[in-house]
Amino acid sequence: MADFPPLKNDLLLRAARGEETERAPVWVMRQAGRYLPEFRKVREDHEFFEICRTPNLATEITVQPIRRYSGLVDAAIIFSDILVVPQAMGMEVLMNPGPSFPDPLNTPEDVAKLRSEVDVKKELGYVFEAITMTRKELNGEVPLIGFCGAPWTLFAYMVEGGGSKTLQKAKSWLFNHPNESKALLVRIADVCIDFLVEQVKAGAQLLQVFDSWAGELAPHHFAEFSYPTLQRIAEGVKRKLAEAGVPVVPMTLFAKGANQSLAALAQGAGYDVLGLDWCIEPSDARALVQGRTALQGNMDPNMLYGGRDAIEREVKRMAESFRVAGKTKAWIANLGHGITPGVDPEDLKWFFQCVQKYSRN
Ligand SMILES: Cc1c2[nH]c(c1CCC(=O)O)Cc1[nH]c(c(CCC(=O)O)c1C)Cc1[nH]c(c(CCC(=O)O)c1C)Cc1[nH]c(c(C)c1CCC(=O)O)C2
């Protein structure tokens, strides 16, 4: 592993380990994105996946919000996309403007079109290069988060061929071909494990798994189809890191909409942090996880369109609801999903400032 500048702000890592912190660390999902004029400027000249594949561009965009919000934001997340894993498995993915797969998996026979062995170093080496380059560029200012999509969410994109309101095709697979579906979910999980392990070797200091479509499944279907592969990833990553003699990093699971499954996830999925969407009261989530995991979240991203007073009231309320016995502890402040393109960057700055103010112990 490369030698990196010492970390100056470890709030994120301490909160992820369940510790009390002087204030809550804060970052937001999609913080390097279209709401930032400096991001849109780079996008004028470069395609989305071109940026992902060009380490110095991915590095530049990853650090844009860290520069703009210096001292206010406590983590960077590597600029990439969850759909680089289906690409590594041999699928073509376009971004125009949403994701689309020209040749999705229509039937279980189509699985034969995927690469039988995926060498993540060969297919996704550009991500690892970007991570190493970003760690150097960050100069220890904040920790760097690596990530991947959850098998169920990736499976849904690979079968649907893009976004979908109903997930009719993906669910038809689950219900008509449960065994083939589970086999594919495990195959995706195993690529995710190698991908996350290599991200840590390249310099990622915390890992997040995004199960954006978790809430589309009935809780018992989530338990049957998604949970086992989420557990496989947490177990596999931690075991492989330990075997390689690499310090194990904290892992976050963001299973959007799976609030019914929080207690089960905290019990046995193997993650250090569970991310929350805004549809659950933080104090209720605390009761469900019983102190077994830290929590991340969870302001409704659309609150950022509500004006400064509303943002301030909401952050104050959220910070109180996340407290444990009156203290800020085991909490990573964030939105309940990604920030959207229309947000005024100054309103996000206000959100960060409010978190710093109201989460102080
Ligand atoms: C489902 C999903 C995707 N990608 C991702 C998810 C899981 C999180 C979630 O649920 O939002 C994860 C993701 N995508 C992106 C990141 C980068 C890191 C970050 O700042 O959070 C991360 C962590 C960049 C991106 N990924 C994408 C953009 C915008 C693309 C552009 O610049 O035109 C960015 C900044 C494109 C993307 N990528 C994806 C979609 C559906 C879209 C189009 C819709 C949209 O724009 O929000 C797939």
Side-chain angles (χ1 to χ4, degrees), residues 26-54 57-66 68-69 73 75-87 91 93-101 127 130-131 134 142 144-158 160-165 167 170 188 192 195-196 199 204 206-216 252-258 275-278 296-298 300-302 332 334-343 345 348:
V26 59
W27 68 282
V28 300
M29 293 183 273
R30 291 283 172 93
Q31 66 187 15
R34 287 166 296 177
Y35 75 100
L36 284 180
E38 55 270 38
F39 172 84
R40 293 196 301 269
K41 184 93 187 40
V42 177
R43 273 290 272 123
E44 279 173 16
D45 302 323
H46 304 280
E47 296 290 352
F48 178 76
F49 283 116
E50 178 198 343
I51 298 175
C52 296
R53 291 196 186 103
T54 311
L57 290 176
T59 297
E60 162 61 22
I61 290 182
T62 302
V63 302
Q64 281 179 349
I66 310 306
R68 180 186 273 262
Y69 301 113
V73 61
I77 180 162
I78 191 66
F79 188 82
S80 183
D81 200 83
I82 64 167
L83 301 175
V84 300
V85 163
Q87 288 174 336
M91 298 187 79
V93 188
L94 308 171
M95 195 62 79
N96 54 3
S100 80
F101 292 61
V127 177
I131 287 174
T134 302
V142 293
L144 178 61
I145 301 171
F147 70 91
C148 74
W152 156 242
T153 292
L154 295 176
F155 171 100
Y157 277 106
M158 290 159 73
E160 296 285 342
S164 161
K165 283 217 159 65
L167 298 186
I188 299 169
C192 290
F195 183 39
L196 291 175
Q199 290 188 54
L206 180 149
L207 297 170
Q208 177 156 328
V209 177
F210 288 89
D211 202 355
S212 306
W213 296 127
E216 298 300 314
T252 299
L253 170 66
F254 176 55
K256 186 174 182 297
L276 304 177
D277 64 25
W278 60 93
Q296 174 172 277
N298 74 339
D300 183 339
N302 285 318
I332 299 166
N334 204 311
L335 303 175
H337 201 188
I339 186 171
T340 50
V343 170
L348 179 62

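In listed order, ligands and their atoms are each counted from 1.
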Could you give the distance from CG (Leu83) to CG (Leu154), rounded to the nearest 0.5 Å?
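That separation rounds to 6.5 Å.
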Pairwise side-chain hydrogen bond (donor to acceptor under 3.5 Å, both in side chains) hits with a residue in residues 40-52, at least two apart:
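side-chain hydrogen bond (donor to acceptor under 3.5 Å, both in side chains) check on residues 40-52 returns His46-Glu50.
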Sub-3.5 Å donor-acceptor pair from the side chain of Asn334 to the main-chain atoms of Trp27, do we have one?
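It does hold such a pair.
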Just by modelled atom types, is the Trp152 backbone N or O under 3.5 Å from a matching donor or acceptor in the Asp211 side chain?
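Flag not set: sc Asp211 to bb Trp152 has no pair under 3.5 Å.
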Output the set of protein residues with a heavy-atom contact under 4.0 Å to ligand 1, ordered first by chain identifier and then by residue number.
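Within the 4.0 Å shell of ligand 1, which is judged on heavy atoms, sit Met29, Arg30, Gln31, Ala32, Arg34, Phe39, Arg43, Phe48, Ile77, Ile78, Phe79, Ser80, Asp81, Ile82, Met95, Pro99, Phe147, Tyr157, Phe210, Ser212, His337.
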Which class fits the ring pair Phe147 and Phe210: parallel under 30°, tilted 30 to 60°, perpendicular over 60°?
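Ring orientation, 0 to 90° scale: perpendicular.
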With heavy-atom distances below 4.5 Å as the criterion, would you say the side chains of Ile82 and Tyr157 are in contact?
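Contact flag for Ile82/Tyr157 side chains = yes.
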